[in-house]
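Just the heavy atoms: all of them, side chains too, but no hydrogens, waters or symmetry mates, feed the values below.
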Amino acid sequence: MILEHPIPPFLQWIGPAALNWAMSVLALAALAVIVCFVVLLVAKGAKQASHTFAVGVSDAIKDVRLFSWKRCFAMASLAIRESIRKKVVVVCVVFLVLLMFAGWFLDPESKDPARLCASFVYQSTTYLVLLLALFLSSLSLPNDFKSKTIYTIVTKPIRSSEIVLGRIIGVASVGSIILVLMAICSYFFVANTLNHTHVLDDREDLTKLTDEDPSTLPPDTVIAKGYTRLANGHKHMVEKHANGEIIVFEENKHTHDVVEIKEGDLVRYQVSVARGALQAKSPKYGSIKFRNADSFEHERGINVGEEWAYRSYIAGGTDEAVIWTFDSITPNKFPDGLPVEMTISVYRTYMADIEKTVMGALYVRNPVTGLTAETHVFNSEKYTVKALNIPRVIDKSKVKSKPWLVKKMGEKETFEASPDLELPQKEEYDLFEDFVVDGKLEIWLQCLDSQQYFGAAEPDLYLREKDANVFLNFLKGYLGVWQQMLIVVSFGVLFSTFLSGPVAMASTFGIIIAGFCKTLFLEIAHLQALGGGPIESLNRLVTHENMMVDLPNTISTHLGQAFDAIASGLLSVIGLALPSFSDYNYYADCVANGYDIPLNSICVHLVTTFSFVVTIFVFAFVILRNREVAKQ
C-alpha cells in the first residue's frame, strides 16, 4: 500500500495542529468582528454602532452560557422526524438494488476481487450518503422559514445555538443509522461474493511424480502436482508432499485449505472456502536508508529517471542495499520468527527473457556488531506483495564471515564495528540473541542481477504483526464516510441559515466538489497548475491556445495574469480552509488492500473533522443569531 504522505503520530501532530487551528479561528473571528463593526459603523453611526455591537456580543455570550442540551436534543429529535417524513429510507432501497445487480458489472475474474468489491461498496455508499446529507441539511432550515415553522420555534425558550447544533446532530444521526445499515449489508455482500471453493480430484486433477512409498522419502518431497478445477474465473496450483501436506498456491490474492479424506481405497479432497481474500493486516513499519556501492549511507538511492520520485533504486550485482531498521522486536511478539511482506519495484535496463524474473536477496543484520545472515533468495514480482518468513534459527552457512558496515560521509563507521571484529562461531544462530540488540534489527534488500534495479520506499517492507478482526476493520472503513457526511451536514446547516434551499444546496455541493479536488484547487491558487490561473485558463480555452505554449505578449494577457496573481492569495486562503475529502479515502484504501486501520490515523482524522464541525457551528450560530427572525 502506497503511503506517499504518511499520517504523523497523534501526540506529535496534535500540538502544532491545535496551535494552527486556534490561530486560524482567532484570525477569522477577529476579521468577522472588524467587518461587523465597520458595517454597523457605516449603517448606524459611531454611537449607535458601539451600543448595538456591545448588545450583540453580550447576547451571544448569554446564548452560549444558557445553552441547554435538553432543548438541543429536542431540536435534534424534530430534525430526525422531519427526515423520516422525507422518506430517507429510499436511500437504503437504492443501495440494496445496487448490491443486487452488482454482479452484472463486477468482474468475477478480477486478479484482486476483494479490492474490487470493497472499492465498489465504499464508493457507492459515499456518494449516496453524501447526497442524502446534502439534501437533508441544506433544506431543513429553509423549509422551516418557508412553512413559518421557525416563528413557532423562536417563540419558545430556545436559543440559536440549540437550533443549529440540534439540526446538525439530528441530520447526522439519521445519516449515521443509515450508514450502519449500509455497512452491515456491504460486509455480507462482499463476504458472499468472495466466498467460493474448488473441486480437487485425486485421479483427474493430480499427477503423480513418483511411485515410491511416501514414507521412505523426505517429508518435503513433492509426490504429486496439479490444479484445482476452475471456479470464479481461476484455479490454483496444488502440490502434495510426502508427509501428506497439501499446499494450495495463492491465486487472485487468496488461497484455500485442503483436507484429505480416505474412504477405503478411494482418496477424496475437501477444499475449504477462500482464505485471505479479506484481511486486516497490522503492519509494523521501520525507517529506511540506502547504502551505495562504497558502503556509504544515503537518505535516497539512485534516480532511474522516473517522474514519480516516491521510490529510490539500488543497482543489481553491487554492494548497494536498501536498509530498514525496526524497533521493539521481541520474542513475545514474534515467537515463530519474523513474517516479512514487501512490495518492490523492478527497473530493467534490458528486457532479455521477459518471463525471467530478477533475483533478489534478503538479509538480517545486527545493528551494533554488523553480524549479517542471508535469509532468502527470491524471484521478484513487480508491485506484487511477497510474503517471506525469517526463521528464528539460522544455519551457520547463511551467516557472513565478516560484518557488513555502513559509513557516513566524512565520518567513521556508523556502528562500533570493524572488519577485524571476531564474530561468534556457532552451528546455529538465534535471531533474537545474535541479531536483535535492544529490540533493534536491520533487514537488508539487495538486487542480485547486474544491470537491473530494485526500487523501494519506506512502507514497501514491513513486519506483519497479529491480524486484526476483519469485520470490525470493515466497519472502521466506514468511519471515513461518516466523517465526510458530518462535514457536509455542518456546511449544509451553515448555508441554510442565510440562503434559500436551492442556493444552500448548490453551495454545499460546491464544497463537496472542491473538497474532493482540494489538491487541484491549491495548485490553481498557487499558479502551479498547467495552463495558469483561472483567467489565463479561460483565455486559453476561448482562444484554443495549447497549455504548453506561451500566450502572446498583449495587454489582455498581462491583465489576466495580474488578476490571477491578485486572486491567488484569496484562493489560497479558501483552499486551505476547505476540508480535504480525498484524505478520507485512506480508510477505504486500507480495507481494500487488506490492512488494519490504525488507531493513530483515526484519532488524527477525528480531531480534524470535529475542528471543522466546531468552527462551522460557531459561524452558523452567529449568522442565525443575527437574523431578525431569531432575535428574542
Side-chain angles (χ1 to χ4, degrees), residues 79-106 114-140 143 167-193 474-493 495-496 501-502 504-517 579-592 597 605 609 612-613:
I80 292 173
R81 289 197 296 270
E82 289 178 354
S83 301
I84 294 174
R85 285 198 294 268
K86 292 176 182 177
K87 307 294 190 295
V88 295
V89 73
V90 172
V91 175
C92 293
V93 175
V94 172
F95 183 69
L96 290 175
V97 171
L98 282 176
L99 294 185
M100 288 171 59
F101 294 99
W104 291 7
F105 49 86
L106 291 179
R115 181 179 179 83
L116 178 66
C117 293
S119 299
F120 164 73
V121 295
Y122 281 111
Q123 289 179 10
S124 57
T125 303
T126 300
Y127 298 144
L128 288 173
V129 170
L130 292 190
L131 287 176
L132 174 68
L134 166 68
F135 281 102
L136 292 181
S137 61
S138 58
L139 295 178
S140 57
N143 285 343
R167 291 288 176 176
I168 294 176
I169 293 176
V171 177
S173 298
V174 173
S176 301
I177 293 171
I178 291 176
L179 190 59
V180 169
L181 296 176
M182 287 183 171
I184 295 173
C185 293
S186 298
Y187 176 78
F188 285 108
F189 166 77
V190 173
N192 183 67
T193 303
F474 194 89
L475 293 183
K476 283 195 295 184
Y478 279 90
L479 277 174
V481 184
W482 181 79
Q483 292 175 78
Q484 294 177 64
M485 177 203 67
L486 195 59
I487 294 175
V488 170
V489 168
S490 302
F491 271 108
V493 172
F495 290 129
S496 69
M505 188 184 303
S507 302
T508 309
F509 186 73
I511 292 292
I512 295 175
I513 298 300
F516 279 111
C517 305
S580 180
F581 287 143
S582 58
D583 289 347
Y584 294 100
N585 292 335
Y586 171 80
Y587 291 81
D589 290 341
C590 281
V591 177
I597 302 171
H605 283 128
T609 299
F612 274 105
V613 173

Minimum heavy-atom separation for I168 to S490, with atom names?
CG2-OG, 4.1 Å
Pairwise side-chain contact, I169 with S173, heavy-atom cut-off 4.5 Å (strictly under):
yes
Heavy atoms only: give me the nearest G492-T508 pair and the separation to one decimal.
CA-OG1, 3.4 Å
Give the C-alpha distance, both sets of side-chain angles, the deciding distance and a yes or no for side-chain hydrogen bond (donor to acceptor under 3.5 Å, both in side chains) between H605 and Y587.
CA-CA 10 Å; H605 283 128; Y587 291 81; 3.2 Å; yes
Donor-acceptor contacts, no H, no angles, side chain residues 117-125, under 3.5 Å, sequence neighbours left out:
{"from": "S119", "atom 1": "OG", "to": "R115", "atom 2": "O", "distance (Å)": "2.8"}
{"from": "Y122", "atom 1": "OH", "to": "F474", "atom 2": "O", "distance (Å)": "2.7"}
{"from": "S124", "atom 1": "OG", "to": "F120", "atom 2": "O", "distance (Å)": "2.9"}
{"from": "S124", "atom 1": "OG", "to": "V121", "atom 2": "O", "distance (Å)": "3.1"}
{"from": "T125", "atom 1": "OG1", "to": "V121", "atom 2": "O", "distance (Å)": "2.6"}

Listed partners of A514 passing side-chain contact (heavy atoms from CB on, under 4.5 Å), at least two apart
L578
Can you list every side-chain hydrogen bond (donor to acceptor under 3.5 Å, both in side chains) pair that touches residues 88-99, not counting sequence neighbours?
none
Can you sort out the partners of D583 under side chain to side chain donor-acceptor pair (under 3.5 Å), two or more places apart, ordered by chain and number?
S580
To the nearest 0.5 Å, atom OG1 of T126 lies from atom CG of L179 at 8.5 Å
If you measure from CD1 on I178 to CZ on F95, what distance do you get to the nearest 0.5 Å?
12.0 Å
Atom CG of L181 and atom OG of S186: how far apart are they, to the nearest 0.5 Å?
10.5 Å
Rounded at 0.5 Å granularity, tell me how far CE in M485 sits from CG in L479.
10.5 Å
Which residues satisfy the side chain to side chain donor-acceptor pair (under 3.5 Å) test with Q484, sequence neighbours excluded?
none
List the atom pairs, with distances to 0.1 Å, where a side-chain N or O of residues 127-138 and a protein N or O form a donor-acceptor pair under 3.5 Å, not counting sequence neighbours.
{"from": "S137", "atom 1": "OG", "to": "A133", "atom 2": "O", "distance (Å)": "2.6"}
{"from": "S138", "atom 1": "OG", "to": "L134", "atom 2": "O", "distance (Å)": "2.4"}

Going through the checks in order, is the side chain to side chain contact (heavy atoms under 4.5 Å, CB included) test met by F491 and I512?
CA-CA 10 Å; F491 271 108; I512 295 175; over 6 Å; no
Around atom CZ of F612, are there more than 12 heavy atoms of other residues, nucleotides or ligands at under 6.0 Å?
yes
With side chains defined as the heavy atoms from C-beta onward, is the minimum distance between I597 and V591 less than 4.5 Å?
yes
When rounded to the nearest 0.5 angstrom, what is the spacing between OH in Y478 and CD1 in I184?
10.5 Å
Once the angle between the rings of Y584 and F581 is folded into 0 to 90°, is it parallel (under 30°), tilted (30 to 60°) or perpendicular (over 60°)?
tilted
To the closest 0.5 Å, what do you measure between OG1 (T609) and CH2 (W482)?
7.5 Å
Non-hydrogen atoms of G170 and A79 that approach each other most closely:
CA-CB, 4.0 Å
